[in-house]
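Beneath this line is the structure, given in C-alpha cells, with notes to follow.
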There are 2 protein chains.
Amino acid sequence: MGEPTEPGPDAAAGRGRAALIEDDVEFDGRDAALLRAVDAAGSVAGAASALGRSRARALSRIEALEDAYGTLVERRRGGEGGGGSRLAASGRDLLDRYDRLQAVLAATAAVPETVLDGTVTAVDGELAVVDTEVGEISGLHGGSDAVGNDGPDRHSEIATGDAVQVRIGADAVTVNDAASAVDPDATSARNRLDGRVSAVDPGETVSTVRIAIGAAEASSDADDPDTEVAALITAESIERLGLAPGDPVSIRWKATATRLVAHAE
Amino acid sequence: MGEPTEPGPDAAAGRGRAALIEDDVEFDGRDAALLRAVDAAGSVAGAASALGRSRARALSRIEALEDAYGTLVERRRGGEGGGGSRLAASGRDLLDRYDRLQAVLAATAAVPETVLDGTVTAVDGELAVVDTEVGEISGLHGGSDAVGNDGPDRHSEIATGDAVQVRIGADAVTVNDAASAVDPDATSARNRLDGRVSAVDPGETVSTVRIAIGAAEASSDADDPDTEVAALITAESIERLGLAPGDPVSIRWKATATRLVAHAE
DNA sequence: CACCGTTGTATCTATGTCGATACAACGGCG
DNA sequence: CGCCGTTGTATCGACATAGATACAACGGTG
C-alpha cells in the first residue's frame with residue numbers, strides 16, 4: 001500500500017460492517033443477535049440473560065426497532081411459564097434481509113476486485129462510459145441516494161471529464177475460450193476484453209484467475225507490466241476450459257455489474 | 001411484506017450503511033466527510049469549522065483513525081499561515097476504499113435481487129449446490145469471516161440439508177438469445193435457466209427484465225405463478241436482443257456471483 | 001386463590017462521546 | 001522580535017446509551 005495513485009487489480013476491499021437503516025434507526029449485528037436469541041430462548045428475558053445484557057434495555061431496544069420496522073417480536077405476558085415471546089414472521093424476514101446484506105458485504109470483502117483509473121467520456125442517465133488504459137468501459141454510477149448518503153458524506157454525481165475509478169468485482173467476470181468466440185449480439189454482457197491468463201491463484205474450490213490485458217498477440221514488453229483483471233472461477237470451470245498461464249482468453253462482464261466511483265481528487 | 005416465508009424475486013434490499021473496520025476502529029461516512037473537508041480546507045481547524053464540529057474532537061478523531069489505519073493527514077504547526085494539514089496519499093487511498101465499499105452497498109440497495117428458498121444438497125469447500133423450485137443452483141457461501149462477524153452475530157456455516165436462501169443479484173444475470181445458444185463448455189458461467197420474458201420495467205438507460213422460469217414451452221397454468229428471476233439490462237442490450245414480453249430467453253450467471261445465506265429457521 | 005416467570009414501566013447510576021473552552025508550542029513573516 | 005493561525009493537550013459540562021434495580025400487571029397452573 002505504498003504507491004501514490006495506482007490501485008491496480010486486487011486492491012483489497014478490507015473489512016467492513018453493514019447495517020440496515022429505516023426511519024433513522026439502524027439494525028446492526030447486535031440487533032440481529034438479539035432477535036436470534038429471542039427466537040432461541042422464547043423470551044426476551046432469557047435472550048437478554050443469554051447475551052449478558054440488560055433485560056429492560058433489550059426490551060426497549062426491541063420497541064425502538066419496532067417503531068421503525070413494524071412488529072418483530074410477539075410478546076405475551078402471563079400464562080404458562082409466566083409468558084414469553086416469539087419471533088414474528090416479519091422479524092424473521094428482517095433477519096433474512098440483514099443476512100443477505102451481510103452476505104453481500106462479506107462477498108465484497110472476500111472477492112478480489114479490479115480497480116482501474118479512468119476518465120468519463122460520456123454520461124447517459126445512470127450509465128457512463130469511461131476511458132481507461134485498457135479501452136472504454138461502460139458501467140453504472142450513482143444509486144447512492146438509496147444508501148443513506150443524504151447525511152454527512154454525499155459526494156458523488158459524475159460528469160464528463162471527471163476522474164473516476166472503475167470497480168469490477170471478480171465474481172462478475174466471465175472467462176470465455178478465445179477460440180470459440182460467442183456471438184456478441186446474442187448476449188447482454190457487453191464489456192469485453194482479450195488477454196492472456198497470467199496467473200491462477202488456486203483456492204479450495206474457487207480460484208482467482210488473473211488476465212493480463214493487451215497481451216493478446218505478443219508476449220509483453222516485460223518492463224511494461226500489463227494491467228490485469230481478476231476473475232473468480234470455480235475449479236471445475238478452470239478444468240473444463242483448460243485454463244493455464246499463457247492461454248489466450250476473452251473476458252466479458254456486464255455494464256450493470258461495473259461500478260463507477262468518483263476518485264478522491 | 002405479508003407472506004410468511006415467500007420472498008420471491010425482487011425483495012427490496014432496503015437502505016443500508018457501511019463502514020470500514022480496522023483494529024476495532026470504524027471508518028464511516030462522518031470520517032470520510034472529515035477527511036474530505038481537511039482536503040478542501042487545508043487545515044483541520046478549517047475542516048472542523050466548515051463541518052460545524054469541535055476542532056479538538058476532530059483532531060483526536062483523526063489521531064484515533066491514524067492509530068488504526070496509519071498516517072492519513074500530514075499536519076504541520078507553525079510556518080506560513082500558522083501551519084496546516086494535507087491529506088496524505090494513504091488517506092486518499094482510504095477514501096477511495098470507502099467510496100468503493102459505499103458504491104457496492106448502494107448497488108445492492110438499488111439493484112433488484114432474486115431470492116429463492118432451497119435446500120443444500122452438496123457442499124464442496126466454499127461452493128455448495130442448492131435444490132430450489134427451479135432446479136439445482138450452485139453458489140458461494142461463507143466468507144463472512146472477513147466482515148467482522150467474530151462479534152455478536154456469527155451465524156453462518158452451511159451443511160447438507162440446511163434450509164438456505166439463494167441470492168442472485170440482477171446485475172450478475174446475463175440474458176442470452178434462446179435461439180443462438182452459446183457453447184456451454186466455452187464459458188465459465190455455469191448456472192443456466194430457460195424461461196420467457198414476463199415483464200420489462202424500463203428505467204432511464206437501464207431496465208429490469210423479469211424472466212419467468214419453466215415457462216419455456218407452454219404458457220403457464222395461470223393459477224400457478226412461475227418463479228421469476230430479475231436481470232438488470234441496459235436499454236441498448238434490450239434493443240439489440242429485441243427483448244419483449246413472451247420472448248424465450250436463456251439466462252446465465254456465475255456460481256461465484258451467487259450467494260448462499262442461512263435461512264432464519 | 002396463591003404461585004410463578006414473564007412482560008411492561010420507571011428511576012438511578014456508570015460510561016463514553018461530543019462540544020466548548022482554555023492555553024502552550026510551533027514556525028514563517030513583516 | 002512580536003504577530004499570527006495553526007497544531008497539540010488538557011479539562012469541564014452536556015448528552016445519549018447502557019446496565020442495575022425495583023415494582024406493578026398479567027394470565028395460566030396447581
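In this text the structure is predicted, and so the values were computed from the model without any measurement. Reckoned from all heavy atoms, side chains included, excluding hydrogens, waters and symmetry mates. Proteins come first, then strands; the chains are lettered A, B, ... in the order of their sequence lines, and each starts at number 1.
In the region residues 58-67 of chain B, proximity to DNA chain D at under 4.0 angstrom, judged on heavy atoms, holds for B:L59.
By the salt bridge (charged side-chain N to carboxylate O under 4.0 Å, His left out) test, A:D28 pairs with A:R17, sequence neighbours left out. In terms of the salt bridge (charged side-chain N to carboxylate O under 4.0 Å, His left out) criterion, residue partners of B:D31 (sequence neighbours excluded) are, by chain and number, B:R61. Under the side-chain contact (heavy atoms from CB on, under 4.5 Å) criterion, A:D124 pairs with B:T205, sequence neighbours left out. Residues satisfying the side-chain contact (heavy atoms from CB on, under 4.5 Å) test with A:A170, not counting sequence neighbours, are A:V111, A:P112, A:A230, A:L232. Under the rule for a side-chain contact (heavy atoms from CB on, under 4.5 Å), the partners of A:A68 that lie at least two apart in sequence or sit in another chain are A:D23, A:V25.
A:D28 has its CG atom 13 Å from the C1' atom of D:dT17, to the nearest Å. Between the C1' atom of C:dG5 and the CZ atom of A:R75 lies a distance of 16 Å, rounded to the nearest Å. Here the P atom of nucleotide D:dA20 and the CG atom of A:L51 are 13 Å apart, to the nearest Å.
Within the structure, the salt bridge (Lys or Arg N to Asp or Glu O under 4.0 Å) test picks out the following pairs touching residues 38-58 of chain B (sequence neighbours left out): B:D39-B:R92. Applying the salt bridge (Lys or Arg N to Asp or Glu O under 4.0 Å) rule to pairs touching residues 78-87 of chain A yields A:E74-A:R86, sequence neighbours excluded.
Residues A:L95 and A:F27 meet the side-chain proximity criterion, which asks for heavy atoms closer than 4.5 Å.
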Study note, to complete from the structure: Under a 4.0 Å heavy-atom criterion, the protein footprint on nucleotides 20-30 of chain C, written with B, S and -, is BBB--BBBS--

